[in-house]
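Data block below; observations after.
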Amino acid sequence: MNAPLTGQPALAFDIDAIRAQFPILSEQVRGGRLAYLDNAATTQKPESVLAAIDDYYRHKNSNVHRAVHDLAERATTAYEGARDRIAQWFKVAREEIVFTRGTTEAINLVAYSFLRPRLQAGDEVLLTGMEHHSNIVPWQLVAKEKGAKIVAAPVLDDGSLDLEGWTALLNERTKFIAVVHVSNSLGTVNPVEQMIAAAKARGIPVLVDGAQSVAHIAIDFPALGADFYTCSAHKAYGPTGFGCLVAKRAILDAMPPWHGGGDMIRTVSFEESTWNEAPYRFEAGTPDMAGAVGFAAALDWIASVGLDAIAAHEHALLLEGTALLAAVPGLRMIGTAKNKGGILAFVMDGGHAQDIGTILDQYGVAVRTGHHCTMPLMARFGVPATVRASLAAYNNREDLEQLAKALHKASRLLA
Ligand code: PMP
């Protein structure tokens with residue numbers, strides 16, 4: 001990805017040493033070498049993340065926050081230490097990190113706790129035509145209930161956002177803006193800085209869906225200027241079922257709880273309960289302690305390689321992959337925006353995406369096929385589905401060559 005990054009010194013990028021840290025990459029699939037190119041769906045986990053989770057369960061596991069015994073203290077220290085690490089990553093205070101099950105839950109939290117009480121009949125929520133269903137349906141549920149409207153900005157033919165079209169949709173009825181940072185289906189990197197500036201000029205709150213940016217673009221949340229940023233650990237070399245909402249403290253402090261249960265309260269009686277402070281107010285029940293520890297370890301892993309170095313490596317692979325795919329007969333790329341992350345999405349003459357995915361699997365190439373939870377975007381491009389190869393730090397030239405070779409075979413089979 002060619003977006004400006006952290007400024008951390010990029011270590012020499014030793015791809016073999018990086019691959020060696022991911023045990024699953026040496027699995028044999030269909031009797032041969034695995035080319036794992038389904039990273040936008042979920043990334044693989046390095047030894048250090050596996051070890052951190054293992055260490056948590058072997059040596060620290062207990063419930064957090066509510067006991068005085070040694071193990072409970074270790075669990076709480078590990079869990080809250082992870083919050084410190086994650087807060088440091090986004091350059092925010094620890095109180096500005098709400099742990100969730102991932103991006104989806106974080107967006108729902110904002111939809112129900114922040115937007116629902118503010119939204120009225122006739123109001124508009126402005127999205128883009130390339131949003132993931134997770135960044136459409138929660139707003140739709142709340143909008144339906146309140147008689148508000150969902151508005152989606154147009155996407156241009158190359159898969160970039162029609163920024164002029166988006167700007168033209170801003171008006172006095174726009175009460176909230178949500179935008180995907182990097183499209184999971186196209187790879188498009190949206191001009192979120194410009195969009196946030198335009199929204200701020202009108203006093204409209206903005207949520208950035210960072211599911212596909214967290215592992216590729218450095219996020220300085222205060223500098224970004226958004227009100228909310230959401231992400232999932234599993235797309236950044238961390239565990240599944242864990243993620244966070246990053247939000248300004250003053251905003252979180254003013255938001256009511258949305259899930260009730262243990263840990264989110266200060267006092268409970270049958271007449272009335274009072275709420276814990278943020279972020280605990282939004283974290284009802286026993287949390288995923290190992291998830292938090294694993295996410296912090298994953299961010300440590302990214303930092304150990306250098307996000308700049310990872311981004312440069314992925315960008316080089318993107319260019320190489322684009323050239324290799326251009327030589328496959330009958331293949332048409334979907335998503336060719338100038339500012340693009342490591343996503344190669346395409347359709348092929350004579351075959352449904354599902355068939356192509358099945359052929360690729362026979363050659364050990366793991367890609368995703370389907371609508372990628374972006375049905376409105378598929379409709380925009382007039383296709384039911386695409387094949388999507390998506391890149392991560394551990395992918396190499398061999399993976400791309402394996403993909404291209406299998407695609408040439410598929411093209412011959414489909415002809
Ligand atoms: N937004 C985008 C852009 C995504 O790619 C995804 C995951 N595919 C999500 C949201 C939802 O993330 P999760 O399933 O981890 O909650």
Side-chain angles (χ1 to χ4, degrees), residues 1 3 36-45 86 98-112 127-141 152-153 155 159-161 177-190 192 195 206-217 219 226 228-246 259 282 288 291-292 294-295 298-299 314 334-335 337 339-345 366-378 380 385-392:
M1 197 168 294
Y36 186 77
L37 291 165
D38 196 14
N39 296 290
T42 199
T43 53
Q44 301 302 345
K45 324 303 172 198
I86 295 162
V98 182
F99 287 152
T100 66
R101 288 189 294 126
T103 307
T104 303
E105 192 179 63
I107 295 174
N108 276 278
L109 195 174
V110 177
Y112 283 93
L127 308 177
T128 79
M130 66 180 93
E131 299 308 318
H132 188 280
H133 296 164
S134 296
N135 205 21
I136 300 174
V137 182
W139 312 117
Q140 211 165 37
L141 288 169
V155 174
S160 59
L161 179 68
I177 290 169
V179 56
V180 69
H181 196 175
V182 178
S183 161
N184 63 308
S185 294
L186 304 165
T188 306
V189 181
N190 279 314
V192 289
M195 298 166 83
V206 183
L207 177 141
V208 174
D209 169 357
Q212 298 294 342
S213 64
V214 65
H216 311 277
I217 299 178
I219 302 298
F228 304 100
Y229 179 88
T230 57
C231 65
S232 304
H234 72 97
K235 300 201 194 265
Y237 313 104
T240 52
F242 196 82
C244 67
L245 167 69
V246 188
H259 285 164
F282 306 107
D288 182 356
F295 189 20
L299 296 179
E314 289 172 351
I334 305 284
N339 197 5
K340 197 183 149 178
I343 304 266
L344 295 155
V367 294
R368 186 130 307 229
T369 60
H371 53 62
H372 317 292
C373 296
T374 53
M375 288 175 94
L377 185 69
M378 295 297 115
R380 155 68 181 84
T386 67
V387 182
R388 180 188 70 187
S390 50
L391 303 169

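Just so you know, ligand 1 is whichever comes first in the structure, and atom 1 is the first atom listed for that ligand. As a basis for the values below, the full set of heavy atoms in this structure was taken, side chains included, without hydrogen atoms, waters or symmetry mates.
By the criterion of a heavy-atom distance under 4.0 Å, the side chain of His234, and not its backbone, is placed next to ligand 1.
Residues satisfying the side-chain hydrogen bond (donor to acceptor under 3.5 Å, both in side chains) criterion with Ser134, sequence neighbours excluded, are Thr104, His132.
With 3.5 Å as the limit, one finds no donor-acceptor pair spanning the side chains of Thr43 and Tyr36. Side-chain contact, His372 with Thr386: a donor N or O sits under 3.5 Å from an acceptor N or O.
If you check which protein heavy atom lies closest to atom 8 (N) of ligand 1, you get Lys235 NZ, 2.8 Å. The protein heavy-atom contact nearest to atom 4 (C) of ligand 1 is His132 CD2, 3.3 Å. Nearest protein heavy-atom contact of atom 5 (O) of ligand 1 is Gln212 NE2, 2.7 Å. With respect to atom 10 (C) of ligand 1, the closest heavy atom belonging to the protein is Asp209 OD2, 3.4 Å.
For ligand 1, the polar-atom distance check against Ser232 finds a nitrogen or oxygen pair separated by under 3.5 Å. For the pair Ser134 and ligand 1, the shortest N or O to N or O distance does not fall below 3.5 Å.
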side-chain contact (heavy atoms from CB on, under 4.5 Å) between Ile217 and His181, intermediate numbers included: CA-CA 10 Å; Ile217 299 178; His181 196 175; 3.9 Å; yes

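With contacts defined as side-chain heavy-atom distances shorter than 4.5 Å, the pair His259/Leu109 does not qualify.
Remark: among candidates Ile136, Val180, Ile343, Thr104, the nearest residue to atom 11 (C) of ligand 1 is Thr104, based on non-hydrogen atoms.
Screening Leu207, Asp209, Asn190 for a side-chain contact (heavy atoms from CB on, under 4.5 Å) involving Val179 leaves a single residue, Asn190.
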